[in-house]
Amino acid sequence: MSTNRIGSYTPKATDGLSPAATPQSKAEDGKVHNAKSVGPATAAQTSGQAANNSRGTKDYGVNISDAAKSKAEAYQKALDIAKSTPDIREDRVAELKKQIADGTYKPDAGRIADGMLHEAIKEHLAESDN
């Protein structure tokens, strides 16, 4: 499945769902209404549905919890911070170059080994997920 914005989903052929089997198409056919018997639509419902259809969206009665909204906002904030952080920390590079030149750089072999193992485990888990 591709990475879409939170709350959007478009069935793909690889999902194993045909568009005819999705709740969206059944709801449009009028055959499924959230597993409840639904009477005739009121004028307010009809005008609201028309407004949603004019914007290209549909109201499927999905409510997103405040906790989910909060997590989505936190995720977006973290993503923005990560995108704005430079790939190379020039200040840290300059500091390490100075330590090497002065002969005061003392790498911690244990931390290096831990970091290498951590990265290897992450790569292994990422490969096993695919």
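We number each residue from 1, following the sequence as shown. Worth knowing before you read on, the calculation uses all heavy atoms, side chains too, and leaves out hydrogens, waters and symmetry mates.
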Chemist: Can you list the residues that meet the side chain to side chain donor-acceptor pair (under 3.5 Å) rule with Lys106, with sequence neighbours excluded?
Modeler: none
Chemist: With rounding to the nearest 0.5 Å, note down the distance linking CD1 in Ile112 to CE in Met116.
Modeler: 8.5 Å
Chemist: Please give me the minimum heavy-atom distance between Tyr105 and Leu96, naming the atom from each residue.
Modeler: CE1-CD2, 3.6 Å
Chemist: Do Ile121 and His124 touch side chain to side chain, with heavy atoms closer than 4.5 Å?
Modeler: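 No, side chains not in contact.
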Chemist: Flag the pair Arg92 and Glu95 as a salt bridge only when some basic side-chain nitrogen lies within less than 4.0 angstrom of an acidic carboxylate oxygen.
Modeler: yes
Chemist: Start with the C-alpha gap between Lys122 and Leu125, add the side-chain angles, then the distance that decides, and say whether side-chain contact (heavy atoms from CB on, under 4.5 Å) holds.
Modeler: CA-CA 5 Å; Lys122 280 189 349 186; Leu125 292 174; 5.9 Å; no
Chemist: Is atom CG of Leu117 surrounded by more than 12 heavy atoms (other residues, nucleotides or ligands) closer than 6.0 Å?
Modeler: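 Yes - once you tally the heavy atoms of other residues, nucleotides and ligands closer than 6.0 Å, there are more than 12.
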Chemist: Check whether any side-chain N or O of Ser70 sits under 3.5 Å from a backbone N or O of Asp66 as a donor-acceptor pair, and report yes or no.
Modeler: no
Chemist: Atom NE2 of His118 and atom CD of Glu123: how far apart are they, to the nearest 0.5 Å?
Modeler: 10.5 Å
Chemist: Output the distance between atom CD (Glu90) and atom NZ (Lys97), rounded to the nearest 0.5 Å.
Modeler: 8.0 Å
